[in-house]
Chemist: 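Dumping the structure here so I can ask a few things about it.
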Amino acid sequence: MSAIDGLPPLREVIATHGLVAKKSLGQNFLLDLNLTAKIARQAGDLSACDVLEVGPGPGGLTRGLLAEGARRVLAVEKDARAMSALAEISEAYPGRLEVLNADALEIDPLAHLTPPIRIVANLPYNVGTELLTRWLTPPTWPPAWSSLTLMFQKEVAERIVAKPKSKAYGRLAILSQWRTDARIVMELPPEAFTPPPKIRSAVVHLTALPEPRYPANAATLQRVTATAFQQRRKMLRASLKGLAPGIEALLESVDIKPTARAEEIDLEHFCALARALDAA
Ligand code: SAM
């Protein structure tokens, strides 16, 4: 693709700009531009969209997004060393790439963009899950963004799409599936990255639903699922005891067996329980 955008291969970019990967910033770079273009395509049609990219690093995925036709990309990168490499990409795509040297956890760049907005990121694990949780819990729904296309450790990706009665099922599955359609769209082996991480990775694509799948108050639903899964091996009548007096009757009123465990309860029933708690 260097022929398409006229920019040097990523290995050369890294050498020229001294971008030796820093462990403290979770830097595992994607250097194959065919692969980054493929990830960009998982985000859907970008031609009519503004894209927020978090953690562009040397810009492999950024180049993929621009080459795939993104109307405009706003890239937020914490590492000041990446700025000169990203400036070269800006020059190759006049008026289409803006770069902010900032910590994505400290700012809210969505206000700078015009909907429809797609968010795309290959981030360190802890930053990725923290941002995912924030993006899934905006003050009002639907959110400013229409889709999220995010790289995670495979194990985290599996927790996002997990179904009841599986080990991976928990708070993250419920939060994600309540308000989005979430799918794993790609898996990547460690060798896809430089330096290679220890584990496999996966890209998850989440599309915002116009409204949550079932009605519930977000804070109550989060409180119920946090409490239930904190002691996931306990029966719900025990783990949820502190939430309301008469929890057994409340559980029964929404067709949940008080002896069931958190991982047996599907999203619809968790939402019914949250509503019952609010009405109690
Ligand atoms: N997107 C590039 C790629 O795919 O090759 C880099 C991916 S690397 C896994 C993660 C990137 O996120 C690094 O460039 C790192 O500096 C950046 N990063 C880490 N924490 C960040 C934060 N809090 N805010 C913004 N960027 C961050």
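Hydrogens, waters and symmetry mates are skipped; everything else that's a heavy atom, side chains included, is used. Just so you know, ligand 1 is whichever comes first in the structure, and atom 1 is the first atom listed for that ligand.
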Chemist: Are the aromatic ring centres of F229 and Y169 under 6.0 angstrom apart?
Modeler: yes

Chemist: In the protein, what heavy atom is nearest to atom 23 (N) of ligand 1, and what distance, to one decimal place, separates them?
Modeler: D103 OD1, 2.8 Å

Chemist: Quick one, K165 with E264, criterion salt bridge (charged side-chain N to carboxylate O under 4.0 Å, His left out). Give me CA distance, side-chain angles, the key distance, then yes/no.
Modeler: CA-CA 5 Å; K165 296 182 184 159; E264 295 166 54; over 6 Å; no

Chemist: How many angstroms lie between atom CG of N101 and atom CG of D79, to the nearest 0.5 angstrom?
Modeler: 8.0 Å

Chemist: What's the verdict on side-chain contact (heavy atoms from CB on, under 4.5 Å) for V120 and L61, showing C-alpha distance, side-chain angles and the deciding distance?
Modeler: CA-CA 9 Å; V120 181; L61 188 51; 3.8 Å; yes

Chemist: Are more than 12 heavy atoms, taken from residues, nucleotides or ligands other than R213, located less than 6.0 Å from that residue's CZ atom?
Modeler: yes

Chemist: For E53, counting its heavy atoms only, list the atoms of ligand 1 lying under 4.0 Å from any of them.
Modeler: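 Listed by number with element: 1 (N).
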
Chemist: When only distance counts, is L30 in polar contact with ligand 1, meaning an N/O pair under 3.5 Å?
Modeler: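 N/O-N/O distance under 3.5 Å: yes.
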
Chemist: Between atom CG of L206 and atom CG of D181, what is the distance when rounded to the nearest 0.5 Å?
Modeler: 9.0 Å

Chemist: Would you check whether D79 has a nitrogen or oxygen atom less than 3.5 angstrom from a nitrogen or oxygen atom of ligand 1?
Modeler: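 N/O-N/O distance under 3.5 Å: no.
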
Chemist: Considering distance alone, does some N or O of N28 sit under 3.5 Å from an N or O of ligand 1?
Modeler: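 In fact, backbone or side chain, N28 has no N or O that close.
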
Chemist: Would you call G26 a ligand 1 contact, heavy-atom distance under 4.0 Å?
Modeler: yes

Chemist: Name the closest protein heavy atom to atom 19 (C) of ligand 1, giving the residue it belongs to and the distance to 0.1 Å.
Modeler: L25 O, 3.3 Å

Chemist: Between the candidates M151, K78, E77, which shows the shortest non-hydrogen contact distance to atom 15 (C) of ligand 1?
Modeler: E77

Chemist: Quick one: pull up NE2 in H17 and CG in L86 and give me the separation to the nearest 0.5 Å.
Modeler: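 Interatomic distance, H17 NE2 to L86 CG, rounded to 0.5 Å: 9.0 Å.
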
Chemist: Determine, considering heavy atoms only, which of L31, V76, N122, V54 sits nearest to atom 7 (C) of ligand 1.
Modeler: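 Residue with the shortest heavy-atom distance to the ligand atom: N122.
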
Chemist: Below a 4.0 angstrom heavy-atom separation, can you tell me which part of P56, side chain or backbone, both or neither, approaches ligand 1?
Modeler: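 Answer for P56: backbone.
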
Chemist: Distance under 4.0 Å to a non-hydrogen atom of G57: what atoms of ligand 1 satisfy this?
Modeler: 14 (O)

Chemist: Indicate whether any N or O donor in one side chain lies under 3.5 Å from an N or O acceptor in the other, for R171 and T225.
Modeler: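 No, no side-chain donor-acceptor contact under 3.5 Å.
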
Chemist: At the 4.0 Å heavy-atom cut-off, does A121 count as touching ligand 1?
Modeler: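 Contact check A121 vs ligand 1: negative.
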
Chemist: From T16 OG1 over to L10 CG, what is the distance, rounded to the nearest 0.5 angstrom?
Modeler: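 So the OG1 of T16 and the CG of L10 are separated by 10.5 Å.
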
Chemist: Decide whether an N or O pair under 3.5 Å exists between L61 and ligand 1.
Modeler: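 The answer is no, given that L61 and ligand 1 share no N or O pair closer than 3.5 Å.
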
Chemist: Looking only at protein heavy atoms, identify the closest one to atom 1 (N) of ligand 1 and say how far it is in Å.
Modeler: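 The answer is G55 O, 2.7 Å.
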
Chemist: May I ask you to list the atoms of ligand 1 that are less than 4.0 angstrom from any heavy atom of A102?
Modeler: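 Under 4.0 Å from A102, ligand 1 has these atoms: 24 (N), 25 (C).
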
Chemist: Can you see whether E53 engages N122 through a side-chain donor-acceptor pair at a distance of less than 3.5 angstrom?
Modeler: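 No pair is found: no donor N or O on one side chain lies under 3.5 Å from an acceptor on the other.
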
Chemist: Checking a contact table here: which protein heavy atom is nearest atom 20 (N) of ligand 1, and how many Å away?
Modeler: P124 CG, 3.9 Å

Chemist: Looking only at protein heavy atoms, identify the closest one to atom 24 (N) of ligand 1 and say how far it is in Å.
Modeler: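 The closest one turns out to be A104 N, 2.9 Å.
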
Chemist: Apply the side-chain contact (heavy atoms from CB on, under 4.5 Å) test between L65 and each candidate in T149, V51, T36; give the one that qualifies.
Modeler: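 Testing each of T149, V51, T36 against L65, the sole residue satisfying side-chain contact (heavy atoms from CB on, under 4.5 Å) is V51.
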
